[in-house]
**Student:** 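Please read through the structure below; I'll follow up with questions.
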2 protein chains.
Amino acid sequence: MNTRLADHVREALEQMIVTGDFADGERLDEIRLAERFNVSRTPLREAFQALAASGLVQLLPRRGAFVRHPAFHEIIEMFEVMAELEAVCGRLAARRVTPQTLEQIKATVIACECAAHAGDSDGYYRENEHFHQLVYIASGNDFLANEAQRLHKRLQPFRRMQLRVRGRMIQSLSEHRLILTALETGDSTTAEAGLREHVAVQGSKFNDLMASYKRSNLRAHSQLVSMRE
Amino acid sequence: MNTRLADHVREALEQMIVTGDFADGERLDEIRLAERFNVSRTPLREAFQALAASGLVQLLPRRGAFVRHPAFHEIIEMFEVMAELEAVCGRLAARRVTPQTLEQIKATVIACECAAHAGDSDGYYRENEHFHQLVYIASGNDFLANEAQRLHKRLQPFRRMQLRVRGRMIQSLSEHRLILTALETGDSTTAEAGLREHVAVQGSKFNDLMASYKRSNLRAHSQLVSMRE
DNA sequence: GTCAAACGTTTTGTATACAAAAACTCATTG
DNA sequence: CAATGAGTTTTTGTATACAAAACGTTTGAC
């Protein structure tokens, strides 16, 4: 827990942006937001900078902060990069994973199975997050693990929806098992391909979902938001 | 050219950090730096945040900003990720590169050849940068291109030194030609492997250089700095 | 009616003021 | 002599003040 106002504001704004409280391109009014959060402009501007660094807002000099919802094709591009990053993690992990980490990964797969059986979607989601994070760490490259985690987090709102697609949880689970086996046997090729596909299919599912909502030419996120209920 | 003081300060500090004006772990004194740059603490703190976002300083709450020189093994890890990112760029570029971009890439290879013949190390460096940037763009994935460019920039100070190794320029050049041919013929496998090796060898060269300077157990960057003259 | 220039308003970027947390000093105690 | 703690200093985080840039609006020229 952090005592800095700037961090609280950043988190709150991040949440608001991701959940679609602002339209794409909308300007974030320092003064109004400041009085809304009961803080001065200083921590707000700090939050703006942090959000700009992670790509959620665009900071134009002497103009202000504008929320930047990724366009549909940008999300697809991010999924493509995510697939490649995870593929690399898998390839390296097959060679470098430690017995302890392998045990932990196996535990998350089992936990995923339990959650799937119980129909516990939230539980599955949580264990799935854990599974991927462990694969990043298993790569033995901390820098890579950090980068992967960063992009993973950025794609979170777009990944979340595709898990709700019919049958996706079962399919995802069998992919996890395939990857686990590859890691256990040190089969780097299969681990690489398995993870690339596992993530790429998420991008495809997202693509499919979007395609079925393409009545308007709104940007992807607005569509996502309108889907929430 | 930007009129914001914060940006000038960030650039100046960035330069100072990578050229080794600060020791690893050294605290950046807001007040002293402020009067040194003739600005108030506000733009300085903005600069700190930006530098923290790109990993050059660590920001500890209620403690201050501390410069963070990557340890040797972290640099090796970054080179490993860079190699994989460029490999992906190459694989995608072999399939997606446009005729215009291909022409531009060919032009940089020729310019590199000229510079190498003339013994123009700076010219070679410049055209080499251009070559890689074009490959990123040729991937057809702007997000990937941005990420690659970001890491490329971060590795710049460590890449620069290995180009001075005897014979490296000629070797680098022939690698460029191999990659160019692969892109021209749409050979994604060769383009991928070529770029991975091309970057990995940079990491190895860096590794070699460091190994020969391992008398002390100083962190890598301090060693790099002491090598400058 | 359209364009442009002058004026007033809003908003950003920077400086400064201030409160609270951390660091430091140094005397005191076990 | 080490450890502890009160009191002081330093430093960070936040609020506020202010100058200058961007924006909007009205007025005037064509």
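Keep in mind it's a predicted model, so treat the numbers as computed, not measured. Throughout, a chain's letter reflects where its sequence line sits, starting with A, and its residues are numbered from 1.
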**Student:** Specify the separation, in whole Å, of atom CG of B:Leu33 and atom P of D:dT10.
**Tutor:**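 Going from CG in B:Leu33 over to P in D:dT10 covers 18 Å.
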**Student:** C:dA23 P sits how many Å from B:Asp29 CG, rounded?
**Tutor:**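 One finds 14 Å between P of C:dA23 and CG of B:Asp29, rounded.
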**Student:** Taking atom P of D:dC23 as reference, at what distance in whole Å does atom CZ of A:Arg27 sit?
**Tutor:**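 Checked: the CZ to P distance equals 10 Å.
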**Student:** Side chains of B:Glu77 and B:His73: closer than 4.5 Å at any heavy-atom pair?
**Tutor:**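 Answer yes - side chains close enough.
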**Student:** I want to check something: taking the side chain as every heavy atom from C-beta on, are B:Arg196 and B:Glu86 in contact at a cut-off of under 4.5 Å?
**Tutor:**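 They are not in contact (no side-chain heavy atoms under 4.5 Å apart), so the answer is no.
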**Student:** How many whole angstroms separate atom CD1 of A:Ile31 from atom C1' of D:dC18?
**Tutor:**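 Nearest whole value for this atom pair: 14 Å.
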**Student:** Measure the shortest side-chain to side-chain distance between B:Gln133 and B:His152 over non-hydrogen atoms and say whether it is less than 4.5 angstrom.
**Tutor:**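 Side-chain contact under 4.5 Å: no.
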**Student:** When the C1' atoms of the five terminal pairs at each end define the local axes, what inter-axis angle does the helix from C:dG1-D:dC30 to C:dG30-D:dC1 show, to 10 degrees?
**Tutor:**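 Computed angle between terminal axes is 20°.
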**Student:** Could you tell me whether B:Arg150 atom CZ has more than 12 heavy atoms of other residues or ligands within 6.0 Å of it?
**Tutor:**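 Above 12, so yes.
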**Student:** Using 30° and 60° as the class limits, which term best fits the ring planes of A:Phe131 and A:His198: parallel, tilted or perpendicular?
**Tutor:**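 The rings of A:Phe131 and A:His198 stand perpendicular, inter-plane angle above 60°.
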**Student:** Within the structure shown, what part of the strands sits under 4.0 Å from B:Arg32 by heavy-atom distance: base, sugar-phosphate, or nothing?
**Tutor:**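 Since no nucleic acid heavy atom lies under 4.0 Å of B:Arg32, the category is nothing.
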**Student:** On the 0 to 90° scale, with breaks at 30° and 60°, tag the A:Phe158-A:Phe206 ring pair as parallel, tilted or perpendicular.
**Tutor:**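 Taking A:Phe206 first and then A:Phe158, their aromatic rings stand perpendicular (interplane angle over 60°).
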**Student:** Write down the protein N/O and nucleotide N/O pairs, taken from nucleotides 13-15 of chain C, whose separation is under 3.5 Å; answer none if there are no such pairs.
**Tutor:**
unit_1, atom_1, unit_2, atom_2, d
C:dG13, OP1, A:Arg62, N, 2.8
C:dG13, OP1, B:Arg4, NE, 3.4
C:dG13, OP2, A:Arg45, NH1, 2.9
C:dG13, OP2, A:Arg45, NH2, 2.9
C:dG13, N7, A:Arg41, NH2, 2.8
C:dG13, O6, A:Arg41, NH1, 2.9
C:dT14, OP1, B:Leu5, N, 2.3
C:dA15, OP2, B:Ser40, N, 2.5
C:dA15, OP2, B:Ser40, OG, 2.6
C:dA15, N7, B:Thr42, OG1, 2.8

**Student:** Roughly how far apart are B:Met82 CE and A:Phe143 CZ, rounded to 0.5 Å?
**Tutor:**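 B:Met82 atom CE to A:Phe143 atom CZ measures 9.5 Å (nearest 0.5 Å).
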**Student:** Just wondering, do A:Glu80 and B:Leu144 contact through their side chains at under 4.5 Å, heavy atoms?
**Tutor:**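 No, too far: nothing below the 4.5 Å cut-off.
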